[in-house]
Amino acid sequence: MNSPFSMQDVVPVGRFFSMGGGRVGQYLSTRVLSVRTPFRRYARSSEVCYLGFEKFSQAQKFAQSLASSGMRFSVQKSQVLTQFPYEIKLSGDTETARRLAYWDRKDHDRAIVASHKSAIAA
């Protein structure tokens with residue numbers, strides 16, 4: 001039997017973990033990772049968030065909306081969010097990442113409820 005959960009479902013959302021080099025990561029959702037350096041001076045300015053995408057076209061489309069908002073970011077092949085092939089590295093604006101994570105968690109919760117309902121109906 002195939003599980004309705006993928007590898008993306010097993011990330012520790014909400015937990016802090018060490019990423020080495022004084023960096024601390026926290027998954028805000030399955031596809032949004034916040035990375036901080038809490039023990040460094042001026043750590044607030046060095047906060048970055050990574051947003052994961054399955055397709056490059058999805059990342060490009062989202063990057064266009066970030067660019068129109070004047071945000072600092074880069075689109076790259078996955079280096080931190082290894083469960084996704086592409087990621088956007090968003091520098092400095094963690095509030096946007098938190099809002100995106102909120103909506104991502106909502107979408108994820110709806111998908112789980114839908115999969116449970118279909119499993120019960122089967």
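Everything quoted here is computed from the prediction, not taken from an experiment. Atom set for the values below is all heavy atoms of this structure, side chains included, hydrogens, waters and symmetry mates excluded.
Salt-bridge annotation for Lys106 and Asp109: absent, with no side-chain N of the basic residue lying under 4.0 Å from a carboxylate O of the acidic one.
Judged purely by distance below 3.5 Å, without hydrogens or angles, the side chains of Glu87 and Gln76 pair a donor atom with an acceptor atom.
With rounding to the nearest 0.5 Å, the separation of CD in Gln26 from CZ in Phe16 is 3.5 Å. Considering CG of Leu66 and CG of Leu100, their distance stands at 7.5 Å, rounded to 0.5 Å. Distance OG1/Thr30 to CG/Asp104: 4.5 Å, rounded to 0.5 Å. Atoms OG and CZ, from Ser34 and Arg98 in turn, are 5.5 Å apart once rounded to the nearest 0.5 Å. For the atom pair Tyr27 OH and Leu81 CG, the distance stands at 5.0 Å (nearest 0.5 Å). Rounded to the nearest 0.5 angstrom, Glu47 CD and Ser91 OG are separated by 11.0 Å.
In plain terms, the two heavy atoms of Ser29 and Val13 that are nearest each other are C-CG2, 3.8 Å. Contact between Val32 and Ala97 at its shortest, heavy atoms only, is CG1-O, 3.8 Å. The shortest heavy-atom contact between Pro38 and Gly22 is CD-O, 3.7 Å. Of all non-hydrogen atoms in Ala101 and Leu28, the two that sit nearest each other are CB-CB, 3.4 Å. Closest approach of Phe73 to Ala67, counting heavy atoms only: CE2-N, 3.6 Å.
Phe56 pairs by the side chain to side chain contact (heavy atoms under 4.5 Å, CB included) definition with Gln60, Val75, Tyr86, not counting sequence neighbours.
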query = Going through the checks in order, is the side-chain contact (heavy atoms from CB on, under 4.5 Å) test met by Tyr50 and Val35?
reply = CA-CA 8 Å; Tyr50 295 90; Val35 178; 3.7 Å; yes
Inset, instruction - Report the C-alpha distance between Arg31 and Glu54 in whole Å, list the side-chain angles of each, state the deciding distance to 0.1 Å, and finish with yes or no for salt bridge (Lys or Arg N to Asp or Glu O under 4.0 Å). - result: CA-CA 10 Å; Arg31 67 174 61 231; Glu54 286 90 10; 3.0 Å; yes
Applying side-chain contact (heavy atoms from CB on, under 4.5 Å), run through Ile88 and Phe62 and close with a yes or a no. CA-CA 9 Å; Ile88 290 179; Phe62 192 74; 3.8 Å; yes
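By the rule that hydrophobic residues join a cluster once side-chain heavy atoms approach within less than 4.5 Å of another member, Val48 and Phe84 end up as members of one cluster.
Judged by distance alone, with hydrogens and angles left aside, the side-chain atoms of Thr82 form no donor-acceptor pair with the main-chain N or O of Ser78 at under 3.5 Å.
Side-chain contact between Met71 and Thr96 is present, with heavy atoms from C-beta onward closer than 4.5 Å.
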